[in-house]
Amino acid sequence: MNFDLNDEQRLLAESVSRLMMDRYDFNQRKIYTMSEEGFSPAMWQAYGELGLLALPFSEDDGGIGGGPVEIMIVMEEIGRALALEPYLPHIVMSASLLRHAASPEQRAHLLPGMMDGTRHIAPALGEMTGGYDLSHVRTTAREEGAGFRLDGAKTLVLHGGCAHAFLVSARLQGRPEDQQGIGLFVVEADDKGVSYRPYRTQDGQSAAELMLADVRVAKDMMLACGSDAAPAIARMADEAIAAIAAEAVGAIDSLVKGTVDYLKVRKQFGQVIGNFQALQHRAADMVVELEQARSMALYATMMSRHEDAIARAAAMSSAKVQINRSARLIAQACVQLHGGIGMTMEHPAGHYMKRLTMIEKTLGDSDFHMDRLASAAK
Amino acid sequence: MNFDLNDEQRLLAESVSRLMMDRYDFNQRKIYTMSEEGFSPAMWQAYGELGLLALPFSEDDGGIGGGPVEIMIVMEEIGRALALEPYLPHIVMSASLLRHAASPEQRAHLLPGMMDGTRHIAPALGEMTGGYDLSHVRTTAREEGAGFRLDGAKTLVLHGGCAHAFLVSARLQGRPEDQQGIGLFVVEADDKGVSYRPYRTQDGQSAAELMLADVRVAKDMMLACGSDAAPAIARMADEAIAAIAAEAVGAIDSLVKGTVDYLKVRKQFGQVIGNFQALQHRAADMVVELEQARSMALYATMMSRHEDAIARAAAMSSAKVQINRSARLIAQACVQLHGGIGMTMEHPAGHYMKRLTMIEKTLGDSDFHMDRLASAAK
Amino acid sequence: MDLQFTAEEEDFRQEVRAFIKDHLPERIRRHLIEGRSASKDDIVEWTRILYKKGWSTPRWPVELGGTGWSAIKQYIFLEEGLAAPAPELLPFGVSMVGPVIYTFGNAAQKARYLPPIANLDEWWCQGFSEPGAGSDLAAVATRAVRQGDHYVVNGQKTWTTYAQHADWIFCLCRTDTGAKKQEGISFLLIDMKSPGIAVRPIQTIDGGHEINEVFFDEVKVPVDNRVGEENKGWDYAKFLLSNERVGIARVGTSKARLRRLRELAAIAGPDGRRAIDRPRFRDRLIETEIALKALEITQLRVLSDEAAGKFKGRPNPASSVLKIRGSELQQATSELLLDIVGPYALPAQQSTDGRNEPPVGPDWADAVAPLYFNLRKVSIYGGSNEIQRNIIAKAILGL
Amino acid sequence: MDLQFTAEEEDFRQEVRAFIKDHLPERIRRHLIEGRSASKDDIVEWTRILYKKGWSTPRWPVELGGTGWSAIKQYIFLEEGLAAPAPELLPFGVSMVGPVIYTFGNAAQKARYLPPIANLDEWWCQGFSEPGAGSDLAAVATRAVRQGDHYVVNGQKTWTTYAQHADWIFCLCRTDTGAKKQEGISFLLIDMKSPGIAVRPIQTIDGGHEINEVFFDEVKVPVDNRVGEENKGWDYAKFLLSNERVGIARVGTSKARLRRLRELAAIAGPDGRRAIDRPRFRDRLIETEIALKALEITQLRVLSDEAAGKFKGRPNPASSVLKIRGSELQQATSELLLDIVGPYALPAQQSTDGRNEPPVGPDWADAVAPLYFNLRKVSIYGGSNEIQRNIIAKAILGL
């Protein structure tokens, strides 16, 4: 056991950190949020130049072969900078799905565009009636002729608006709640019958509702796992939880640092407010929560590729509950310690709160994960 | 609506307070706990002289006709002094049962000894398999000859060891969990077949397990409500919750006062520790909890004789949950603020914690009352 | 001690409830129940309806348009309004500057300013906070220099709620820079149309625009617009702040929100599950209901103590609880909403996109996260909860 | 970064676990698992078993009987002991005075004192706290006045755990009253059989007797019993206190208690219900398990950082968490026990009555409330959690 980064990992952390430092200050971020995409395509290219877009893909597939620790490193820096680019959905999540569910040929077809930044591929798995349960699929895929016909709707497709293609789950057989019978399909955004409705999310990012009406998908655009995609989807969700946990830790860390800095300069009653013991103790409690969150993000990273799906899911649910808790407590405490300024769009604190609140709501809120843990424990 | 005491009530509060002040300082209390009874029989007589033992009985029955506010006043002073006498079980609870379930003749038979302090009558309702649910009764009462034959066991009979008689619930018909079919019987402690095992409780008070083996009870010693005692038992429990809530508020109030006083004299780092803002804020939080508890004790008092049993039970459960919460948070905070001294038998703080912890466990813990509220809300 | 409302009080409650039911426009009620803010027009419309009934300044002296209601009736009126929910009376006029004017102002000021407050013909805002004077409210830096029959005001106020709508602002201004912090402050009434005033909106993280910065650049204010004595403004400010005892807890708002939560929790969500069947959510809802019931009783105790003239000149421990617990419970109810809405907290308000499509998820979902963000303010403003704890520790516990 | 235990570490864990399983008397294990305290005899018996195996002083230098284990192995050894549960090694000798003696003591002191610590032939206690020196530990008032080759000690120590069993006490004594508070303190080893020492038990609210007052009345202590230099005792005390980084969180104890809670929760109570089926209890149990998992990882991070020599000379933020969260979680587990036991928390220990009847309620019930009361201490001693928050604010955050 050792928690140290190796030289390559340290280099990765430093280069991502430098990129964010150079190109993601608060004002630049504001400009990015106001762009049509809701993020910076130029930054996306810069991610590509740093190798981040190829990071999770195996060397056999032309990627870099980074593992969960590398993803953690990148996501933590993304969280620290409140970066807006769709790295989580379009790289981490899509790469995981393709790794676990696609054939080498399919990967050869899809990966180059993702890795060079020219194509965004968004997972589109959630449905209105499923809540956070991604194996709940009503969208249907019927074999027809040389391919499939997809009908249904997908909800809350993260950064769906800029996607060139979607990885869509659809049911080949069974009832909506069955684990079996789910297939994964590559649907091009400009396929006939595909429509979507993009919108901004509360944290300045974006998502989309995706509608599929009589969409024809060729046979080879069904991923190789066939009608047994649920395990791959579950793996993806677990890896994504580890990634978003790291993002949350980066954001929390940065927010706590900013708040402590503020305590050292803001004066009231003739002294800096950081002199007040009650505020000092509140800050100390934030450190406790932060370190607990950091530990659980590490735990999630460690367990995210564990082969035992039940143990893995339990670990991920535990991590997400801790992350959600720390995110909420710390965001609230930091805004409180800033006072009014923390609630304005002009100051970063509130933006961190917004992203952290949305992270709570992504990939399962605490009620969902507590339910999962409770059923597992029965 | 008005929260003021009238002149008589104020007089009552002052006289009970004076009695406790005179005869219940911390050292005297220690001596009382070491006595065989675990309380002071002389104090019991003093209660009688002040009229407290006759307080909840109606004037028709030779009592004083005090209502819930009067009981609240007495219980609050008992809580403040950590008084050990069995006022709650042997007066408040037994009086309630007799008021709601006995005939005037039965009351005429039983009350004089209770009111003049010569006879202790203890309710014996709980059973091992019932948890906090007092309508769960396995003890049986079979009609035999001119009376009944009781068999079974009662648990956690508060101050059962000194009782001259018990008010025992026993099932005349039905299954253990039925609301119907429960009778209430007066069982003399020296009746044949009655045995009990007294023990001390964690807070320095006492209780007993009561065993009934072929105990004969005459027909007129079955209370007048016949086989429909459950409503009377429920009313009693609700009135008892209001009373114990007031006791808790008295104890909490006294504990908070003592803690604040300690903060003003205990010196560390060259100053009184009450100067430290973190401790000031902790003390402020205790005030918030105390006032919330006080409000819910008042609410319980207000609602304890409400005619609608469902509304009444919901109010009582709400009050008990708040009281339990405040009791635990404040007891913990006060011991913490005292440091080591608060954990010793030589200092009152820990004794308050012990009584408050046992109050949490009496008449329903928070899980029990949350369950009740949740089922009611369904 | 009588812990029930009297029959007369219950009758009064029914009268208020019926009036609100009959006169509050459904459009406004609907808007508020979804957790959205009342618009200026909504507030004006409702205030004028109340004015016609004689209820727009209930706490004022009867001869100035007050109702003469007992403290309990005032409370019932307030609670029924919040519970409906109806828009709240704009506090800056009715509860803040109005009482200062009728207590410390001269006859001309009373005649000039009070009637337009009562009918909301003039909209007021509050010029107390400054960038360097937040919790330390007496650290006023905005200067007012006497020049003949005018003051010339220079400086900046901030967190000024609804300054964008305001006709008038009441300001604490420093008129003596040599004096101690709390001395040398005067209380001025300033016409927002005065040359030299600029209002800059502050956008808050909920996406709304409630608060502003107000800049004063050589603004001329007639000396007649000063309330009371020069350099005594801090006394009037303290009077103003202490006036807001009841209502700050917003028990009625939280009660209305909990009722709404009960309704929402009993409806199956898109996934077919009812929130009330999720034990963790249900328990938190019940615990919040209990805490709110306790706070409601606490509020009634404070009212009863006031009516009985208790705690004259010293703080009532129970009243200190109102701000802290009241703000915590407002926030707790918004967190329950945030938790009930599930993933549909994510989409931002469609209206900001200028589109007119149906919302994504339940039709009340888009207001949930903004409400949660917005209500972080209630533990900050009006004396932050940290300041409240200082007050309890010092004024009540003597620490 | 490698977040798994190595195969060697896993093998070591199995070795330790097997040894404990084979050698720990079941009577002692049973006693501990019910939340009762280990007796002196239990601790001595187990320490001597470990001594035979060479494991009674694992962190000491190898030449003095240490094991040379890596930090991770030390951790595994500690955790397995707590998880069994086995009695903890008496810290006053092994972890406190032992390291002070081998770091700052002279050769004669090492030869005299270390071996009896390792085999627990001599029982040590700690004479730091005084009535006026609690959180303010340096406010030592106990005087040691040099008279020839002796010090004469007068004063009082308090909260002295297990003084009633002790052969020796290590004391902070003031040897220079003119110096600043932290200076003028010396570190003395005092034979508890010295004339003039009186031990008075302090009974705690859990009914136990762990702590004592120790009075010194003209106690003669040879100068040879001073460790290190005169007036430098505070440095050695700080060394001693900083030595207790790992283990203070007692993750293993809390883990064992949570396992026990899982078992108890799965058994139907007298009312036929299982606690695990009560959602409120179950959720709190799961939340505590999650928090403990996080703390376990935090502890491993601290160990890994130490092994890598990080944070040399400055505090590791993660280590500050250990005491605060560790004590909170120990207390949380005892509260869960308190909540699972229901009304049977009420009966007091039968044994104190001198009777020998079966307990009222479940046979583990009588230990539950005393454990809850007893564990209030863990947020008080060893630097209260308030002191820990001061340390985080000042040393880590620079506030």
Side-chain angles (χ1 to χ4, degrees), chain B residues 1-6 9 67-70 72-73 256-257 259-261 263-264 272-277 279-299 301-303 306 315 317-322 325-326 366-367 369-371 373-374 376-378, chain C residues 1-6 9-10 70-72 75-76 262 265-266 274 276-277 279 282-283 285-287 289-305 307-310 316-325 328 385-386 388-394 396-399:
Chain B
M1 164 147 337
N2 113 54
F3 288 83
D4 291 331
L5 302 183
N6 63 31
Q9 290 165 341
V69 174
E70 284 72 23
M72 179 186 80
I73 289 167
V256 169
K257 279 205 178 68
T259 303
V260 170
D261 288 345
L263 293 179
K264 290 176 183 173
V272 294
I273 61 176
N275 284 348
F276 291 108
Q277 194 191 31
L279 306 194
Q280 291 177 351
H281 281 206
R282 190 109 197 236
D285 286 335
M286 299 190 319
V287 171
V288 172
E289 275 301 323
L290 165 60
E291 294 303 328
Q292 291 285 82
R294 197 192 298 281
S295 289
M296 284 309 258
L298 283 162
Y299 181 59
T301 298
M302 182 166 106
M303 293 292 286
H306 199 284
S317 285
S318 296
K320 192 65 173 28
V321 170
Q322 174 71 53
R325 171 193 148 94
S326 298
S366 295
D367 276 358
H369 286 291
M370 286 294 291
D371 275 358
L373 287 164
K378 253 177 196 160
Chain C
M1 188 174 285
D2 179 359
L3 305 177
Q4 309 284 355
F5 287 104
T6 63
E9 286 160 354
E10 285 296 355
S70 70
I72 298 292
Y75 165 79
I76 290 171
R262 277 266 172 213
R274 307 187 317 157
I276 199 71
D277 295 329
R282 185 190 60 206
D283 283 346
L285 178 60
I286 293 173
E287 282 164 355
E289 289 170 338
I290 293 171
L292 190 64
K293 173 54 79 180
L295 191 68
E296 185 180 13
I297 308 282
T298 304
Q299 181 150 306
L300 289 166
R301 285 168 52 209
V302 172
L303 279 167
S304 165
D305 289 347
K310 279 197 206 165
N316 181 346
S319 76
S320 62
V321 172
L322 295 181
K323 171 65 173 30
I324 292 177
R325 274 319 250 161
E328 287 172 352
N385 284 8
E386 288 74 22
Q388 301 298 328
R389 289 191 177 89
N390 286 346
I391 292 173
I392 296 178
K394 289 187 199 320
I396 294 170
L397 301 177
L399 291 171

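Letters A, B, ... are given to chains in the order of the sequence lines, protein chains preceding strands, and every chain is numbered from 1. Keep in mind that what you see is a predicted model, and the values were worked out from it rather than measured.
- Interface check for chain C: of the options Gln277(B), Met296(B), Lys257(B), the most heavy-atom pairs under 4.5 Å are formed by Met296(B).
- A donor-acceptor distance shorter than 3.5 angstrom exists from the side chain of Ser304(C) to the backbone of Phe3(B), with no hydrogens or angles considered.
- Annotation for Ala308(C) and Asp4(B): closest pair CB-OD2, 3.3 Å, computed over non-hydrogen atoms.
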Between Thr298(C) and Gln292(B), does the side-chain hydrogen bond (donor to acceptor under 3.5 Å, both in side chains) criterion hold? Intermediate values first, please. CA-CA 7 Å; Thr298(C) 304; Gln292(B) 291 285 82; 3.1 Å; yes
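- Within the 4.5 angstrom heavy-atom criterion, no atom of Met286(B) approaches chain C.
- Rounded to the nearest 0.5 Å, atoms CG (Leu373(B)) and CD (Glu289(C)) are 8.5 Å apart.
- Chain B forms the most heavy-atom pairs under 4.5 Å with one residue out of Ile290(C), Val321(C), Leu300(C), and that residue is Ile290(C).
- Rounding to the nearest 0.5 angstrom, the gap separating the OG atom in Ser318(B) from the CD atom in Glu287(C) is 11.0 Å.
- Looking at Val260(B), the atoms closer than 4.5 Å to chain C (heavy atoms on both sides) sit in the backbone and in the side chain alike.
- Taken from CG in Asp261(B) to CG in Leu397(C), the straight-line distance is 10.0 Å, to the nearest 0.5 Å.
- Only the side chain of Ile324(C) comes within contact range of chain B, with heavy atoms under 4.5 Å apart.
- Nearest approach of Ala294(C) to Gln322(B), heavy atoms of both residues: CB-OE1, 4.0 Å.
- Using a 4.5 Å cut-off between heavy atoms, Ile391(C) makes no contact with chain B at all.
- Judged purely by atom type and a 3.5 angstrom limit, Arg301(C) uses its side chain to pair as donor or acceptor with the backbone of Glu291(B).
- Residue contact with chain B, scored on non-hydrogen atoms closer than 4.5 Å, involves the backbone and the side chain of Leu295(C) alike.
- The two residues Arg282(C) and Ala374(B) have their closest heavy-atom pair at NE-CB, 3.3 Å.
- The residue among Leu399(C), Ile396(C), Ile392(C) with the most heavy atom pairs within less than 4.5 Å of chain B is Leu399(C).
- For the atom pair Ile72(C) CD1 and Asn2(B) CG, the distance stands at 8.5 Å (nearest 0.5 Å).
- In this structure, Lys394(C) and Gln280(B) have side chains that are in contact, with non-hydrogen atoms separated by less than 4.5 Å.
- The choice from His281(B), Met303(B), Arg294(B) that makes the most heavy-atom pairs within less than 4.5 Å of chain C is His281(B).
- At a 4.5 Å heavy-atom cutoff, the contact between Val287(B) and chain C is made by backbone and side-chain atoms alike.
- With a 4.5 angstrom heavy-atom cutoff, Glu386(C) touches chain B via backbone and side-chain atoms both.
- The CG atom of Asp283(C) sits 8.0 Å away from the CG atom of Asp371(B) when rounded to the nearest 0.5 Å.
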